[in-house]
Amino acid sequence: MNVLMLTDKLTMGGAENYFIKLENKMTGTGFRFYSAAGGGELTDKLSNKHNYMELSRKNHILNLWRLTRHINKQEIDVIHANSLRMVLYAGCLRMFAWKRKIKIVYTKHNITSLEKSPKLFSSLMNHCVTGIITVSEYEKRVLVQYGVREEKITTVYNGVDLEKFPFKEKPQLEVFKVGILARLSPEKNHSLFLNIAATMKEEKDLQFYIAGDGPERESIQEKIQKLGINDRVTLLGEVQEPHSFIQSMDALLLTSEREVFPMVILEAMATGTPVITINRGGISEAIVDGETGMMVNSHSVKAFCEKISSLKSNWELRKMIISAARQKVVRNFTSTNMVTHTFKQY
């Protein structure tokens with residue numbers, strides 16, 4: 001079976017890292033894998049560059065022409081689309097390469113703009129896509145409510161590469177480090193993170209760190225100045241080794257306005273960093289409050305501050321959460337499990 005994996009671009013992001021992880025791991029008897037995407041800094045992480053085609057970020061007609069030739073030459077059986085745009089690409093490609101009976105598998109990583117029209121979205125899924133992979137049971141239920149046929153949908157959880165995110169014991173240091181690792185964009189709600197830091201700024205044994213880059217960088221810098229927390233918050237920019245950043249934190253916060261099932265939570269659980277997260281999307285399928293992490297049901301500064309204080313002051317609680325979280329990742333959220341179940345969808 002010949003599989004072509006498609007994604008928009010190989011810049012830093014959850015869906016893009018998923019694409020790289022699959023590309024690196026997708027080897028198996030009876031399968032041959034090809035990939036195509038717009039360029040980006042993650043291109044260097046591809047394992048099989050001889051089977052990779054770089055797409056134009058603007059010229060979609062050229063992309064479709066090149067991909068149609070590629071599909072016919074390599075006798076592609078399955079197109080694995082990792083964005084809604086790539087689903088549309090795949091639908092066109094199936095028409096252009098009409099002599100081949102191509103299946104389309106769509107992994108839904110994010111909330112898409114088309115979902116504002118559930119009937120249109122479900123119609124596209126039901127008529128264009130052979131199978132849909134959701135990264136949480138929560139997201140599967142949402143799609144069924146939209147009208148997507150349930151038999152088309154399978155949940156395959158994101159998986160952590162345990163070799164790249166190894167477990168590490170944490171020492172008890174004088175300063176408790178609280179971090180956030182996310183693109184600097186409005187939906188990630190860094191404003192809440194900064195308000196938390198400002199509320200706790202009198203606690204001298206607390207430091208806050210922001211890792212990531214994006215369009216909100218300037219406004220975040222301005223708010224740090226306005227709140228007078230320059231000595232409490234460090235803006236690191238894009239980190240090249242996310243596992244090192246996560247491991248260096250005593251707690252990782254997730255304050256997003258919306259989420260499907262963020263990979264960073266699983267990576268933190270794997271490395272031994274407790275997570276304090278808003279309850280959104282499928283996060284509760286990994287985090288059980290007080291057991292495998294800490295969960296907050298609303299964007300409440302006070303609630304987040306209380307969770308941080310609980311972790312900081314209770315070493316036994318931290319150790320219990322760290323151990324339970326790591327065990328849960330090993331059982332349910334490894335990259336090996338993800339690859340195995342993805343194979344089955346092909």
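The analysis underlying the following values was restricted to heavy atoms, covering all of them including side chains, and did not include hydrogens, waters or symmetry mates.
For the residue pair E115 / T112, a side-chain donor-acceptor distance below 3.5 Å is found, with atom types taken as modelled. Between the side chains of E222 and S219, no donor-acceptor pair is found at a separation under 3.5 Å. S335 and D161 share no donor-acceptor pair across their side chains, judged by distance under 3.5 Å alone. In the model, N195 has a side-chain atom that pairs as donor or acceptor with a side-chain atom of K223 under 3.5 Å. In this structure, a donor-acceptor pair under 3.5 Å is present between the side chains of T134 and T155. Looking only at atom types and distance, the side chain of S323 has a donor-acceptor partner in the side chain of Q327 under 3.5 Å away.
Expressed to the nearest 0.5 Å, how far CE of M269 lies from OG1 of T292 amounts to 4.5 Å. The distance from atom CZ of R66 to atom CD of E54, rounded to the nearest 0.5 Å, is 8.5 Å. How far OH of Y209 is from CG of L235: 12.5 Å, rounded to the nearest 0.5 Å. Distance check, rounded to the nearest 0.5 Å: CE of M294 to CG of L252 gives 14.0 Å. The CG atom of L311 sits 5.5 Å away from atom CG of L317, with the distance rounded to the nearest 0.5 Å. We find the OG-NZ distance between S136 and K108 to be 9.0 Å, quoted to the nearest 0.5 Å.
At least one donor-acceptor pair closer than 3.5 Å links the side chain of T255 to the backbone N or O of N189. Distance alone, capped at 3.5 Å, places no donor-acceptor pair between the R183 side chain and the G214 backbone. Remark: the backbone N or O of H50 is not paired with any side-chain donor or acceptor of N48 at under 3.5 angstrom. Side chain of T43 to backbone of G39: no donor-acceptor contact under 3.5 angstrom is found. Remark: side-chain polar atoms of N126 are paired, donor with acceptor, to backbone N or O of G147 under 3.5 angstrom. Within the 3.5 Å criterion, the main-chain N or O of S56 finds a donor-acceptor partner in the side chain of N63. Between the side chain of E23 and the main chain of S47, a donor-acceptor pair closer than 3.5 Å is present. Judged purely by atom type and a 3.5 angstrom limit, T130 has no side-chain atom pairing as donor or acceptor with the backbone of V105. A donor-acceptor pair under 3.5 Å links the side-chain atoms of H127 to the main chain of S123, judged by distance alone. At least one donor-acceptor pair closer than 3.5 Å links the side chain of N24 to the backbone N or O of I20.
When all heavy atoms of G91 and C128 are compared, the pair lying nearest together is CA-SG, 3.9 Å. Annotation for E291 and M320: closest pair O-SD, 3.8 Å, computed over non-hydrogen atoms. Considering every non-hydrogen atom in both F333 and K328, the closest pair reads CD1-O, 3.8 Å. Across every non-hydrogen atom of P274 and I321, the tightest pair is CB-CG2, 4.3 Å. For the residue pair E285 and Y138, the shortest heavy atom distance occurs at OE2-N, 2.9 Å. Counting all heavy atoms, side chain and backbone alike, C92 lies closest to L64 at CB-CD2, 4.2 Å.
With sequence neighbours excluded, the residues that form a side chain to side chain contact (heavy atoms under 4.5 Å, CB included) with E203 are M200, D205, L206, S309, K312.
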Show your reasoning for whether side-chain contact (heavy atoms from CB on, under 4.5 Å) applies to K49 and D44. CA-CA 9 Å; K49 289 187 179 178; D44 291 339; 3.6 Å; yes
Just do the side-chain hydrogen bond (donor to acceptor under 3.5 Å, both in side chains) check on T107 and H80 with the steps written out, would you? CA-CA 7 Å; T107 295; H80 184 172; 2.7 Å; yes
Start with the C-alpha gap between F193 and V178, add the side-chain angles, then the distance that decides, and say whether side-chain contact (heavy atoms from CB on, under 4.5 Å) holds. CA-CA 10 Å; F193 183 85; V178 180; 4.2 Å; yes
Test side-chain hydrogen bond (donor to acceptor under 3.5 Å, both in side chains) applied to H60 and Y89, step by step: CA-CA 9 Å; H60 303 300; Y89 261 47; 2.6 Å; yes
Show your reasoning for whether side-chain contact (heavy atoms from CB on, under 4.5 Å) applies to M249 and L181. CA-CA 11 Å; M249 295 296 109; L181 175 59; over 6 Å; no
Please walk me through it: do K188 and E259 pass salt bridge (charged side-chain N to carboxylate O under 4.0 Å, His left out)? CA-CA 9 Å; K188 298 302 181 181; E259 285 289 353; 2.8 Å; yes
The test is side-chain contact (heavy atoms from CB on, under 4.5 Å); show your working for F208 and I229 and say whether it passes. CA-CA 10 Å; F208 293 81; I229 50 177; over 6 Å; no
Derivation and outcome, side-chain hydrogen bond (donor to acceptor under 3.5 Å, both in side chains), residues Q345 and T154: CA-CA 8 Å; Q345 299 314 300; T154 303; 3.2 Å; yes
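Residue pairs that meet the ring pair (Phe, Tyr, Trp, His ring centres under 6.0 Å) test with at least one member in residues 296-318, sequence neighbours left out, do not exist here.
Heavy-atom contacts from other residues, nucleotides or ligands closer than 6.0 Å to CD of E169 number 12 or fewer. Within 6.0 Å of the NZ atom in K152, the count of heavy atoms belonging to other residues, nucleotides or ligands exceeds 12. Within a 6.0 Å sphere centred on NZ of K164, heavy atoms belonging to other residues, nucleotides or ligands number 12 at most. For R100, the CZ atom is densely surrounded, since the number of other residues' heavy atoms within 6.0 Å is greater than 12. More than 12 heavy atoms of other residues, nucleotides or ligands sit less than 6.0 Å from atom NZ of K170. With a 6.0 Å radius and a threshold of 12 heavy atoms from other residues, nucleotides or ligands, Q172 has its CD atom above the threshold. Within 6.0 Å of atom NZ in K99, 12 or fewer heavy atoms from other residues, nucleotides or ligands are found, so the atom counts as exposed in its surroundings. In this structure, L173 places its CG atom where more than 12 heavy-atom neighbours from other residues, nucleotides or ligands lie under 6.0 Å away.
Taking the six-membered ring where the residue is Trp, F343 and Y346 present tilted rings, their angle falling between 30° and 60°.
Hydrophobic cluster membership differs between V129 and I111, with clusters built from Ile, Leu, Val, Met, Phe, Trp and Tyr side chains linked at under 4.5 angstrom. The hydrophobic cluster containing M86 does not contain V3, counting ILVMFWY residues as joined when their side-chain heavy atoms lie under 4.5 angstrom apart, directly or transitively. L120 and V144 fall within the same hydrophobic cluster, where Ile, Leu, Val, Met, Phe, Trp and Tyr residues are linked whenever their side-chain heavy atoms come under 4.5 Å apart, directly or through other members. Clustering ILVMFWY residues whenever any of their side-chain heavy atoms sit less than 4.5 angstrom apart, transitively, puts F245 in the very cluster that holds L184. Note on I132 and V135: separate hydrophobic clusters, where clusters join Ile, Leu, Val, Met, Phe, Trp and Tyr whose side-chain heavy atoms are under 4.5 Å apart, directly or indirectly.
With a 4.5 Å cut-off between side-chain heavy atoms of Ile, Leu, Val, Met, Phe, Trp and Tyr, the cluster of F167 takes in I322.
Put simply, the side chain of L42 does not reach to within 4.5 Å of the side chain of K9, judged on heavy atoms. Between F165 and L266, the closest side-chain pair of non-hydrogen atoms is not below 4.5 Å.
Electrostatic pairing of K201 and D231 does not count as a salt bridge here, judged by no charged N lying under 4.0 Å from a carboxylate O.
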